[in-house]
K.L.:
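Provided herewith is a single structure, encoded as structure tokens, for subsequent inquiry.
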Amino acid sequence: MPELPEVEVVRAGLAPAVTGARVVAVEVLDARSLKRHEAASGDFETLLTGERIEAAVRRGKFLWMPLAGGAALVGHLGMSGQLLLRTPDHPGDDRHARIRLHLEHPDHGELRVDFVDQRIFGSMAIDRLLPTSDGRTAGFSADVTGPWARSIPSQVAHIARDPLDPAFDDAAFVAALARRATGVKRVLLDQGVVSGIGNIYADEALWAVRMHGEQPAASLSRRRVRELLAAVRAVLQKALAEGGTSFDAQYVNVNGASGYFAHSLNAYGRTGRPCPRCGTPIVREAFMNRSSHRCPRCQRLRAGSRGGAVVTAATPPPPEVDRSLTAAARPTRARTAGSRARG
DNA sequence: ATACACGCCTGCTGGC
DNA sequence: TGCCAGCAGGCGTGTA
């Protein structure tokens, strides 16, 4: 399931191929993938056909391509979405292909972008661009000089900046947690507070700093919140670095699903298997209609230390983000695009 | 305003 | 073997 690193891999793979390309034809194979397209703004195919793509930009898990006409093509991969860059003659028998874009690029010639999405939690839409509320660059892209750089699609405007964004406000994040009367994991998953984090990387970051997901956010000291934020960044960057290796730049096989499942993980999906740190079996617990995974020994609920004396016994040891995520993960890492064929 | 349950979707898996 | 519940879960919406 694509979270920030996976979406960034897709964006980075897409960008060189689509930037400057013209949309010559659009095929909507399943209109359900347009559920976030506002019909009142016009027909999706009509609005998109003939447009020139200016860039590929990402904030959190949202991806968009500013168009020369001033609007943007917005994509969200949802649970199972992929944006696959293909040659025009690629077989069209993909069972879950929902939308197809036929592009003409001045340097690369004819290209096809297939939006493939099994569960249809993802979507594409044409949306208008609004100025960013803080006047800064809207998201991540290679080019920040275009007229669209400080503009964000209306349906992405409520999404917070992600932790890898240079404009992310650490102090505001600390303050936001102090205000929240809920568990820290819920806040990590709230895209209005910090974007890009899904269930997998939330569990991994919490494991890295030995924190219980139900720990009340407001009970955390500023220091602990900053440790958590650092762990989030480390986990995302580590995954991103791995994803970079799985991208086959030669023949643009842009693929959001290859990579991260089943490897590099210390807690997520490891129910019953030993915690890489202490050996205690990882437990799985119901959480918001899904699951949380944690080490019952390393990650316990603790008395809050915020605003009071630090309780020595409750002070966690320093996080071991790097060592655990690097060394433990490598042997099980999947290969690259080639391994994807197994499905 | 904030917190949380729910619906949207398909395909796979395990229990009976 | 077939059937069905459960699970995967991001995000918008509705409710309290």
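Here is how names work: the chains are called A, B, and so on, in the same order as the sequence lines, proteins then strands, and each is numbered from 1. Remember, predicted model here, so these are calculated numbers, not experimental data.
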K.L.:
Within a strict 4.5 Å, meaning less than it, do heavy atoms of the A:His76 and A:Phe121 side chains meet?
P.N.:
no
K.L.:
Quick check with a 6.0 Å cut-off and a 45 degree axis cone: is A:Arg270 positioned over the face of A:Trp207's six-membered ring?
P.N.:
no
K.L.:
For a quick test of reading the model: is some side-chain N or O of A:His96 closer than 4.0 Å to OP1 or OP2 of B:dG11?
P.N.:
yes
K.L.:
May I ask you to test the A:Leu130-A:Ser151 pair for a side-chain heavy-atom distance under 4.5 Å?
P.N.:
no
K.L.:
A side-chain contact here means heavy atoms from C-beta on lying under 4.5 Å apart; do A:Val116 and A:His96 qualify?
P.N.:
yes
K.L.:
Please determine, for the side chain of A:Ser291, which listed nucleotide (C:dA8, B:dT10, B:dA3) has the closest atom?
P.N.:
C:dA8
K.L.:
Write down the distance between CG (A:Leu177) and C1' (B:dT2), rounded to a whole number of angstrom.
P.N.:
14 Å
K.L.:
Hey, is the side chain of A:Arg186 poking within less than 4.0 Å of OP1 or OP2 on B:dC4, counting only N and O atoms?
P.N.:
yes
K.L.:
Is the base of B:dA3 touched by the side chain of A:Arg180 through a donor-acceptor pair closer than 3.5 angstrom?
P.N.:
no
K.L.:
In whole Å, I'd like the distance from the CD atom of A:Gln82 to the P atom of B:dG11.
P.N.:
14 Å
K.L.:
Short question: side chain of A:His37, backbone of A:Gly42 - any donor-acceptor pair under 3.5 Å?
P.N.:
yes
K.L.:
Can you tell me how far P of B:dA5 sits from CZ of A:Phe287, to the nearest Å?
P.N.:
10 Å
K.L.:
Would you say A:Thr182 reaches B:dC4's phosphate, i.e. side-chain N/O to OP1/OP2 under 4.0 Å?
P.N.:
yes
K.L.:
Rounded to the nearest angstrom, tell me the gap between atom CZ in A:Arg95 and atom C1' in B:dC9.
P.N.:
14 Å
K.L.:
Do the ring planes of A:Phe168 and A:Phe173 sit parallel (below 30°), tilted (30 to 60°) or perpendicular (above 60°)?
P.N.:
tilted
K.L.:
Sugar-phosphate means primed atoms, P, OP1 and OP2; the rest is base. With that split, encode nucleotides 11-16 of chain C 5' to 3' as B, S or - using protein heavy atoms under 4.0 Å.
P.N.:
SS----
K.L.:
Can you tell me the distance, in whole Å, between the CG atom of A:Asp190 and the P atom of B:dC4?
P.N.:
11 Å
K.L.:
Take atom CG of A:Asn289 and atom P of B:dC4, then tell me their distance rounded to the nearest Å.
P.N.:
13 Å
K.L.:
Rounded to the nearest 0.5 Å, what separation is found between the CG atom of A:Leu240 and the CD atom of A:Glu8?
P.N.:
6.0 Å
K.L.:
Rounding to an integer number of Å, can you tell me how far A:Arg119 CZ sits from B:dG7 P?
P.N.:
18 Å
K.L.:
Would you mind reading off the distance between A:Leu188 atom CG and B:dA3 atom P, rounded to a whole angstrom?
P.N.:
14 Å
